[in-house]
Amino acid sequence: MAEANTSSTSETPGPTMDCLQCLSLREDKHIAAHPRRYQLGDIAVLQASVIDAVNTHILAATRAQLFKKLPEMEEEEEQRSLPVHEDLKLKQRPAVVLKSRPVALGGVTRTSIMATLDNRPRRDSLPHVLRHFCIALFPHETIPHERGVYHVHTKPEWRQARSGRPNGWLLAFPFQHSGDPISRWKNREHVGDRDCSFTMLEDDGTLTVFTERCNSKWTEWMRLFQNNPESLTLYKQDFDVSNCPVLHCAIHRVLIIT
């Protein structure tokens, strides 16, 4: 598997002609309509972990559907788990709000988290589970190399000067977050305006299309295991050792062969 490209964090390539939103970029600032209440599509700040999202949500949901939560399999996989590619501690990261009701009122926050994944801008540098579920946030180095592949736009566009995050990925697997959002993700070009942030607008169908893509990616993911449910273990190992080149290459070859 290719190594991560960390050589540059400069502004990434521009629009592609096969995306209608790329032809009409939204660079105007976004001001939250209700500063104290989160709306669908808001980019909020959460304490979250990609490792937790993959292990506790994606792989656990896959295992539950395939094996009906067999205790012996869960215990066996735990014993095989190795340190993964980022710190296990939760960190503040941006996330798209898909459902929000304050926990104090008995509600939950349903989100899809964003990440730079150790500054890995190319899809082929990611472990297979993230390669499948990650969607590039425009602007992104990988977009020109993936003609016709779906990517996401925010308002304003998720440029590094504004977001502080080059080559962002959006995890196409919404899950419930146990706590309230900390705040909105700030637009660094307007630091003096505390309500100036980002959103994934629904007025042009962006959020609806994203939700549909999440559903289709889940269906495609489960189809991978129809004939060989046990291969899920290889995907788990591939994710666990994704920061260990020797072990990762060995697992990568097995996944290609199978």
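Position 1 is the first residue of the sequence, and the numbers go up from there.
Counting non-hydrogen atoms of neighbouring residues, nucleotides and ligands closer than 6.0 angstrom, the CG atom of N227 reaches no more than 12 such neighbours.
Below 30°, between 30° and 60°, or above 60°: for W218 and F133 the angle between ring planes is between 30° and 60°, a tilted geometry. The aromatic rings of H132 and W221 are tilted relative to each other, their planes meeting at an angle between 30° and 60°.
In the hydrophobic clustering of this structure, Y38 does not group with I113; members are Ile, Leu, Val, Met, Phe, Trp, Tyr whose side-chain heavy atoms approach within less than 4.5 Å, directly or through other members. Connection of L170 to L46 is not established within any shared hydrophobic cluster, with ILVMFWY side chains joined at heavy-atom distances below 4.5 Å, either directly or through further cluster members. Tracing side-chain contacts under 4.5 Å through hydrophobic residues (I, L, V, M, F, W, Y), one never reaches F210 starting from V97; they form parts of separate clusters. When hydrophobic clusters are built by joining Ile, Leu, Val, Met, Phe, Trp and Tyr residues whose side-chain heavy atoms come closer than 4.5 Å, directly or via intermediates, W169 is grouped together with F239. Two different hydrophobic clusters hold V149 and I143 under the rule that ILVMFWY side chains link at heavy-atom gaps under 4.5 Å.
Heavy atoms only, all atoms of each residue included: P94 and R165 are closest at CD-NH1, 3.9 Å. The two atoms that bring I135 and Y150 nearest to each other are CD1-CE2, 3.5 Å, heavy atoms only. The minimum heavy-atom distance between V50 and A115, with the atom names listed, is CG2-CB, 3.6 Å. Here the shortest heavy-atom pairing between Q160 and P166 reads OE1-CB, 3.5 Å. Nearest heavy-atom pair, G168 versus H140, reported as atom, atom and distance to 0.1 Å: O-CD2, 3.0 Å. Nearest heavy-atom pair, L66 versus P229, reported as atom, atom and distance to 0.1 Å: CD1-O, 4.1 Å.
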For this session: Show your reasoning for whether side-chain contact (heavy atoms from CB on, under 4.5 Å) applies to H153 and C19.
Result: CA-CA 10 Å; H153 289 261; C19 170; 3.6 Å; yes

For this session: Mind running side-chain contact (heavy atoms from CB on, under 4.5 Å) on S197 and D42 for me, showing each step along the way?
Result: CA-CA 8 Å; S197 183; D42 280 352; over 6 Å; no

For this session: Verify side-chain contact (heavy atoms from CB on, under 4.5 Å) between T154 and V96, making sure each step is shown before the conclusion.
Result: CA-CA 10 Å; T154 60; V96 181; over 6 Å; no

Problem set entry | Candidate pair L207 and L98, rule side-chain contact (heavy atoms from CB on, under 4.5 Å), full reasoning | CA-CA 8 Å; L207 217 52; L98 302 175; 3.9 Å; yes

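In this structure, the separation between NZ on K236 and OG on S231 is 14.5 Å, given to the nearest 0.5 Å. The CG atom of D52 sits 10.5 Å away from atom CD1 of I58, with the distance rounded to the nearest 0.5 Å. We find the CZ-CG distance between R63 and L232 to be 7.0 Å, quoted to the nearest 0.5 Å. Distance check, rounded to the nearest 0.5 Å: CD of E141 to CG of N119 gives 10.0 Å. Rounded to the nearest 0.5 Å, atoms NZ (K29) and CZ (R162) are 12.0 Å apart. We find the OG1-NE2 distance between T199 and H30 to be 4.5 Å, quoted to the nearest 0.5 Å.
Side-chain atoms of R122 do not come within 3.5 Å of backbone N or O of T142 as any donor-acceptor pair. With W185 contributing its side chain and F198 its backbone, the two residues share no donor-acceptor pair below 3.5 Å. Judged by distance alone, the side chain of R188 and the main-chain N or O of A161 form no donor-acceptor pair under 3.5 Å. At least one donor-acceptor pair under 3.5 Å links the side chain of T219 to the backbone N or O of N215.
Between R159 and E27, at least one side-chain nitrogen of the basic residue sits less than 4.0 Å from a carboxylate oxygen of the acidic one, meeting the salt-bridge criterion.
In this structure, the side chains of C196 and E189 stay at 4.5 Å or more apart for every pair of heavy atoms. At a threshold of 4.5 Å between non-hydrogen side-chain atoms, the residues C214 and F173 do not count as touching. No side-chain heavy atom of T111 sits under 4.5 Å from any side-chain heavy atom of P174. Within the 4.5 Å cutoff, the side chain of L130 has no heavy atoms near those of the R120 side chain. By the 4.5 Å heavy-atom criterion applied to side chains, R26 and Q21 are counted as neighbours. Looking at heavy atoms from C-beta onward, F225 lies out of side-chain contact with Q65 at the 4.5 angstrom threshold. Residues F175 and T56 have side chains not in contact (no heavy-atom distance under 4.5 Å, counting atoms from C-beta outward).
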